[in-house]
Amino acid sequence: MKLPPRSRCSLPPEGAQASLGRPGARPEAKEVIARRVAQEFQDGYVVNLGIGLPTLVPRYLPAGMHITLQSENGFLGLAPLEGEPLPGVVNAGGQPCGLMPGAAMFDSAMSFALIRGGHVDVTVLGGLQVDEEGNLANWMVPGKMVPGMGGAMDLVTGARKVIVAMEHCTKEGEPRILDRCTLPLTAKGRVAMVITELAVFRITHGEFVLIEHAPGATVNDVRAKTKARFAVSDELKTMNLG
Amino acid sequence: MKLPPRSRCSLPPEGAQASLGRPGARPEAKEVIARRVAQEFQDGYVVNLGIGLPTLVPRYLPAGMHITLQSENGFLGLAPLEGEPLPGVVNAGGQPCGLMPGAAMFDSAMSFALIRGGHVDVTVLGGLQVDEEGNLANWMVPGKMVPGMGGAMDLVTGARKVIVAMEHCTKEGEPRILDRCTLPLTAKGRVAMVITELAVFRITHGEFVLIEHAPGATVNDVRAKTKARFAVSDELKTMNLG
Amino acid sequence: MALDKQVDWSDVGPLFRDGISVMFGGFMGVGTPDGLVSLLREQGTKNLTLIGNDTAAPETGVGPLISDGHVKKVVVSHIGTNPVTGKKMIAGELDVDLVPQGTLAERIRCGGAGLGGVLTPTGVGTVVEEGKAKMVVDGKTFLVELPLRADVAILKAKRADRAGNLVYERAARNFNPIMALAADLVIAEVDEIVDVGEIDPDLVMTPAALVDKIVLARRQ
Amino acid sequence: MALDKQVDWSDVGPLFRDGISVMFGGFMGVGTPDGLVSLLREQGTKNLTLIGNDTAAPETGVGPLISDGHVKKVVVSHIGTNPVTGKKMIAGELDVDLVPQGTLAERIRCGGAGLGGVLTPTGVGTVVEEGKAKMVVDGKTFLVELPLRADVAILKAKRADRAGNLVYERAARNFNPIMALAADLVIAEVDEIVDVGEIDPDLVMTPAALVDKIVLARRQ
């Protein structure tokens, strides 16, 4: 099977929503976020990563920690491409990738049985907006961008833990963490954590709680850039990015 | 894998309903029925046969006609056992069997996707009772026998054509073709044909029509042993068993 | 992936507690993990709810568990081949929930796939519809059948790698793959354990991510 | 089984009529039968309804069919990688029905498995729920999603035997196996055709009984 000229596909399925609104992102912000997300992973986790920033996370895992990446197009055991592309070995963006030893391939019904059935421990996705009820909007901007939800709605609905990894504000400086999402939702009340370069929030029992802030930042700095009500954890910490 | 001592299982899953009430069956009646059922098959058909009488049908197929037998425990391409039993190669009764070249194995969800989804052209099952609305009862006798429906309800509901192959009367001489089934139904209005040693009925658009009778029998003979109202086809024929 | 999920038989026993629900692979005992069934017997586990295709025969598949009184309830499509099941049911010693085979497969799949239920035409107009919601779609009536899950699934496979990828043999596959999705703890008894990477990814029938423990079948 | 389902490319053309609905395997074009897509283009088939995961890119997968105006409607989970789809949608030249990917898979599976629908939590509280029935099961809300079928399914497999048993390669499997269940006519484009009996029954991914025609992919 000859591979189609996939390099011309500039935006892979989840790429559209994940990368939207973040063209001017400073590399440091992305790195900070990815490093902090990595701390949420545990040995043996099955993880689905949205395209863009979330795919940076594995490089910050501690040595010896093994996770299994699920790819919604139908397999477990996604790995970086090494050597020549192999027929049919592509990620959910259609780009050539590798397979871990012990990988397993399956069809789309099984792929989403895994996703919807709680067999994915964590999904990390980009967001356009998150609100204090744990709602996420990341799949369309009416009148501007209607890429389709792809697998995002199933992932956010079905993964055991949903982490939104995004820059704190839009490139225009507008808060993305709101009292109420204004964009069409991807799923209702499913976000467990929001990790930005400025702050880490946990959402439990419908309560939005600030648990960490960036080194050098204050709670007031976070408030100034956040349009959601949030509680401050008794154990508020500074993000450890070492 | 060592095969469990399956020879002690006297009644395979569909066996209970298929063989019930027919212990005194004359071998000729069974042969007549099986021969007549075979005439309903076409080259390339996918067929699921209930245990008992229906399994005799393939031996009466014309030379050169190929059908594929579906086995509800998870494969297409059931064949008679030749040589030693092979691990895991068993029919729906748990008995060792063979595989046709080109056989395909799958799980139970797929097996019933095929059955329920209309991918089985014909199913042939035994019956306890059939009524003039095309209802079939063949899975339990309250207070006497509750074997469970196994795959019978799905088969009768989902196969494209349902043929009931049974002796015309019970061993006590009671009609089995009734105006209304008195036993719990297997499925409602799904029987397309009833083939007995005495008569062949077709059920179309809710009409029960006698289309053939046994050589030497008359329509009145059929009426005497049938408790359902039926029309007589304009093209009434004598069963051709040559 | 790098985790080695093989455990000793002695590690498995403590995972079985009285009163648990157990999904078991197999069809007339073929594809049933005989060693795990024996273990449940040997350690005298009580009040089990068994979910699977059939109760096989008194000395086949899960039959011995029923004969010896370890089971309070079965959810199956067929009991006709095991007279002990019928006797215990009539004597009021065993609760029997009969489910059409295709519906049983779909309910287990729903339980494992995060689905709230499925609409099936099977059972409409029969006793199976009693107490169930119905829906009409395009003029056709369907029953709403609800998900099934279990505390533990016990599976039988031909081969596993150490991470838990499973390959089944012939018709011994049957209910095993869908049960791997639908239980909180999934234990597979296998005839052969190979190193990770020895099973071609295209040939894996149950992915390792679904399997918690693997145990090597005892030679019989 | 003994039927040889291999046909020539010239036999396939007449099977495609204007206005038909076509399910196509593939994910971003991987697993899409490029030869069958080209054939639909070459013979100028019009007013197609395409059902599949995505519209790939303008020159990949089913993209060219959209670019060249053969399509009146798509039912897909994603169009973001093909700007032509978006443009035609905005211009009112193309009807786009967006379905969450897991829901799309289940709807196709329902269509092929004789199920009247499925209850999924995906889309609850979003625009996806508009116009759909809801059911509450165990306190949780689900959408009732209905079956999808097509007139024709076009599949891509790595290998077939002459009877039509199919084997897919790696992630090129995706939607192909479930579409094989859900169309009135199923045509598979394959890289290799072998004799019946050469594929181990355990390794068959789509059974021959579901496949009507097989055609050998042209070397590119």
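Just so it is clear: chains get the letters A, B, ... in the order the sequence lines come, proteins before strands, and each one is counted from 1.
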| Around Lys161(B), counting heavy atoms of other residues, nucleotides and ligands shown, do more than 12 lie under 6.0 Å from its NZ? | yes
| Nearest atoms (heavy-atom pairs only) where Gly93(B) meets Met28(C) | O-CE, 3.5 Å
| Which distance, rounded to the nearest 0.5 Å, do you find between the CZ of Phe112(B) and the OG1 of Thr122(C)? | 9.0 Å
| What part of Ser71(B) lies closer than 4.5 angstrom to a heavy atom of chain C: side chain, backbone, both or neither? | neither
| task | For residues Ala171(C) and Asn73(B), report the shortest heavy-atom separation together with the two atoms involved. | result | CB-ND2, 3.6 Å
| note | With chain C, the option among Leu185(B), Asn135(B), Val156(B), Ile115(B) that has the most non-hydrogen atom pairs under 4.5 Å is Leu185(B)
| Got a second to check how far Arg170(C)'s CZ is from Leu99(B)'s CG, nearest 0.5 Å? | 6.0 Å
| Roughly how far, to the nearest 0.5 Å, is CG of Asn176(C) from CG of Asp107(B)? | 9.5 Å
| said: Is there a side-chain contact between Val146(B) and Val96(C) in this structure, where contact means two heavy atoms from C-beta onward sitting under 4.5 Å apart? | reply: no
| message | At a 4.5 Å cut-off on heavy atoms, which part of Thr85(C) comes close to chain B: side chain, backbone, both, or neither? | response | neither
| task | Look up atom CE in Met179(C) and atom OG in Ser108(B), then write down how far apart they are to the nearest 0.5 Å. | result | 8.0 Å
| query | Rounded to the nearest 0.5 Å, how far does CE of Met153(B) lie from CD of Gln101(C)? | reply | 12.5 Å
| Heavy-atom check, side chain of Glu72(B) versus side chain of Phe27(C), under 4.5 Å | yes
| Looking at Ile108(C), Thr120(C), Val99(C), which one has more heavy-atom pairs under 4.5 Å with chain B than the rest? | Val99(C)
| query | More than 12 foreign heavy atoms under 6.0 Å from NZ of Lys132(C): is that the case here? | reply | yes
| note | From the list Gly125(C), Pro58(C), Ala217(C), the residue making the most non-hydrogen contacts under 4.5 Å with chain B is Gly125(C)
| field | Over 12 foreign heavy atoms within 6.0 Å of CD, Glu42(C) | value | yes
| field | Inter-residue atom distance Thr126(C).OG1 - Met149(B).CE, 0.5 Å rounding | value | 7.0 Å
| message | If I measure from the heavy atoms of chain B, does Met205(C) come under 4.5 Å with its side chain, its backbone, both, or neither? | response | neither
| said: So does Gly102(C) get a backbone contact from the side chain of Arg116(B), meaning a donor-acceptor N/O pair under 3.5 Å? | reply: yes
| field | Structural part of Ala109(B) lying under 4.5 Å from a heavy atom of chain C | value | both
